[in-house]
Amino acid sequence: MIVGNLVHRPIRSLISVIAVALEVTLILLIVGLSLGMVSDSRGRQAGIGADVVVMPPGSSYIVGLTGTPMPIKIGEVLAKLPHVVTVAPVLTQVSTNGTLEVIAGIDLKSYEALAPFQFLQGGPFQGSDDVLIDDILARAKHIKIGDKMEILSHEFRVAGIVAPGKGARKFVQIDVLQDLNGSKGRASVFYLKLDNPANADAVVSEIKGIPGMETHIAVPMAYYLSMLTPSNYPGLLTFLRVVIAISMTIGFIVIFQAMYTAVMERTREIGILKSMGASKLYIVNVILRETVMLAIGGILLGILISLTARVGLAHKIPTLRVIVTGGWIFWTTIIAIVGAMLGAMYPAYRAAQKDPIEALAYE
């Protein structure tokens with residue numbers, strides 16, 4: 001009977017299923033994009049190969065958003081500390097030219113001492129106007145060795161394409177970036193390689209004991225990576241909650257409208273059921289079971305659309321990563337079903353309260 005009721009009004013049922021699918025897709029893709037952004041950033045930072053990270057006072061754990069650049073001579077002080085093998089200064093610059101990206105100014109020798117680049121094409125810097133890019137960016141923009149690229153209103157030549165996972169996607173020489181953004185003799189972050197990663201806490205304590213370094217951010221890389229989570233990105237959790245609330249509201253309104261209209265159209269049928277002895281609980285059960293079937297159809301369609309969109313985005317925009325986890329599929333399913341059930345509660349209540357005599361006399 002329930003399936004027959006849904007098939008009897010196929011357009012309305014289809015619209016309800018699509019609305020729930022839109023709710024599911026919206027949640028999975030927005031959350032997936034957010035998780036992908038954070039996960040990608042964490043993975044690329046881990047690939048740098050450092051054991052300790054030193055940043056200016058007031059710096060954020062968000063990659064690229066550091067405080068006022070530090071004098072690069074601080075690196076000489078850090079290099080004299082026990083257990084420190086390599087100090088790699090990096091100057092970062094956030095660019096919003098087309099897309100939001102972080103450009104890294106590096107000293108190639110010290111940066112490769114942390115963990116060497118894997119050159120897939122080309123090689124190291126040959127001149128001051130050279131840039132290194134990772135393979136993902138090269139494929140996304142169809143860039144080849146020798147191509148010209150504009151960075152901060154300056155033209156660079158692509159000298160090398162490297163394997164991804166080494167911090168940024170674009171690398172220029174640190175002194176060149178210092179000139180371009182007016183930070184001569186400064187660095188945004190120092191990456192330290194130690195003789196043993198187990199000495200990270202001891203080195204951090206030593207850094208805090210250096211006069212003038214008390215307020216600087218100095219943390220083991222393991223701790224730094226643990227802080228790269230959605231909860232530490234300003235406003236991200238609030239944004240996700242708003243998206244989920246809007247999505248749930250969409251499902252609620254559409255299901256409410258569909259089931260309320262269905263109840264109004266089935267007045268006589270409800271009267272017949274009640275005259276045959278159907279209880280209020282039975283009527284409510286029928287309405288809610290129809291709702292669950294609509295929600296399940298929408299959920300399955302939404303998951304399919306989300307997974308297809310993830311594959312399409314990965315092919316079309318390789319730099320954009322979408323993570324659709326089993327955990328979020330589970331929670332999105334719960335959210336969609338709860339929203340649909342809430343939308344059906346009042347129509348089900350109205351159906352259960354109908355008087356069988358009045359319902360049978362309804363024209």
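Residue numbers run from 1 in the order of the sequence given.
- Atom NZ in K193 sits 15.5 Å away from atom NE2 in H83 (nearest 0.5 Å).
- Under the salt bridge (charged side-chain N to carboxylate O under 4.0 Å, His left out) criterion, D179 pairs with K184, sequence neighbours left out.
- Counting only heavy atoms from C-beta outward, the side chains of I174 and Y111 never approach each other to under 4.5 Å.
- Closest non-hydrogen pair, A104 versus V90, comes out as CB-CG1, 4.1 Å.
- Of all heavy-atom pairs between V176 and S128, the closest is CG2-O, 3.3 Å.
- The backbone N or O of G165 sits nowhere less than 3.5 Å from a side-chain atom of R44 that would complete a donor-acceptor pair.
- Considering only residues two or more places apart in sequence or on other chains, F125 meets the ring pair (Phe, Tyr, Trp, His ring centres under 6.0 Å) condition with none of them.
- Side-chain heavy atoms closer than 4.5 Å link hydrophobic residues (I, L, V, M, F, W, Y) into clusters, and following such links, even through other members, never connects L120 to V162.
- In terms of hydrophobic clustering, with Ile, Leu, Val, Met, Phe, Trp and Tyr side chains grouped at heavy-atom distances under 4.5 Å, V324 and V311 are assigned to different clusters.
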Just do the side chain to side chain contact (heavy atoms under 4.5 Å, CB included) check on E112 and I106 with the steps written out, would you?
-> CA-CA 9 Å; E112 285 208 289; I106 62 172; over 6 Å; no
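- Rounding to the nearest 0.5 Å places CD1 of I329 at 5.0 Å from CD1 of I303.
- Between D147 and M149 there is no side-chain heavy-atom pair separated by less than 4.5 Å.
- Using bins of under 30°, 30° to 60° and over 60° for the plane-to-plane angle, the ring pair F171/F117 lands in the perpendicular bin.
- Note on I136 and V102: separate hydrophobic clusters, where clusters join Ile, Leu, Val, Met, Phe, Trp and Tyr whose side-chain heavy atoms are under 4.5 Å apart, directly or indirectly.
- The side chain to side chain donor-acceptor pair (under 3.5 Å) analysis of residues 160-176, with sequence neighbours excluded, yields the pairs D40-R169, E101-K170, D134-R169.
- Interatomic distance, I217 CD1 to I207 CD1, rounded to the nearest 0.5 Å: 11.5 Å.
- Between V54 and M213, the closest side-chain pair of non-hydrogen atoms falls below 4.5 Å.
- Heavy atoms only, all atoms of each residue included: A115 and G47 are closest at CB-O, 4.1 Å.
- The number of heavy atoms from other shown groups lying within 6.0 Å of CD (E214) is above 12.
- Cluster membership for L294 and L304, using ILVMFWY side-chain heavy atoms within less than 4.5 angstrom, is not shared.
- In this structure, M70 CE and F190 CZ are separated by 4.5 Å, a value rounded to the nearest 0.5 Å.
- Looking at L78 and V84, their side chains never come closer than 4.5 Å, going by heavy atoms from C-beta outward.
- In the displayed structure, K208 atom NZ is contacted under 6.0 Å by more than 12 heavy atoms of other residues, nucleotides or ligands.
- For the residue pair K148 and R157, the shortest heavy atom distance occurs at NZ-CB, 3.9 Å.
- Between N181 and L91 there is a side-chain heavy-atom pair separated by less than 4.5 Å.
- Counting heavy atoms from C-beta outward, L180 and I151 have side chains that stay 4.5 Å or more apart.
- Expressed to the nearest 0.5 Å, how far CZ of F239 lies from CD1 of I244 amounts to 10.5 Å.
- Rounding to the nearest 0.5 Å places OG1 of T333 at 9.5 Å from CD1 of I296.
- Counting only heavy atoms from C-beta outward, the side chains of P124 and F119 approach each other to under 4.5 Å.
- Residue L194 comes nearest to D51 through the heavy atom pair N-OD2, 2.9 Å, listed as atom of the first residue, atom of the second, then distance.
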Using residues 20-38 as the side-chain source, report each donor-acceptor pair under 3.5 Å to any protein atom, sequence neighbours left out, with the distance given to one decimal.
unit_1 : atom_1 : unit_2 : atom_2 : d
T25    : OG1    : A21    : O      : 2.8
T25    : OG1    : G302   : O      : 3.3
S34    : OG     : I30    : O      : 3.0

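- Follow the hydrophobic side-chain contacts under 4.5 Å out from V85 and you never reach Y191; the two are in separate clusters.
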Passes side chain to side chain contact (heavy atoms under 4.5 Å, CB included), D130 versus F156? Steps please.
-> CA-CA 5 Å; D130 284 350; F156 286 86; 5.9 Å; no
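- Looking at residues two or more places apart in sequence or on another chain, you find no side chain to side chain donor-acceptor pair (under 3.5 Å) involving H216.
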Could you please spell out the steps behind the side chain to side chain contact (heavy atoms under 4.5 Å, CB included) verdict for L114 and S110?
-> CA-CA 7 Å; L114 301 173; S110 61; over 6 Å; no
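- For the pair D129/H154, a side-chain contact is recorded, criterion being any heavy-atom separation below 4.5 Å from C-beta on.
- Between the S188 side chain and the T92 main chain, a donor and an acceptor come within less than 3.5 Å of each other.
- Considering all non-hydrogen atoms of both residues, L177 and G105 come closest at CD2-N, 3.4 Å.
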Derivation of the side chain to side chain contact (heavy atoms under 4.5 Å, CB included) call for M248 and L342 | CA-CA 10 Å; M248 194 170 181; L342 290 175; 4.2 Å; yes
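- Applying the side chain to side chain donor-acceptor pair (under 3.5 Å) test to D135 and every residue at least two apart in sequence or in another chain returns R139.
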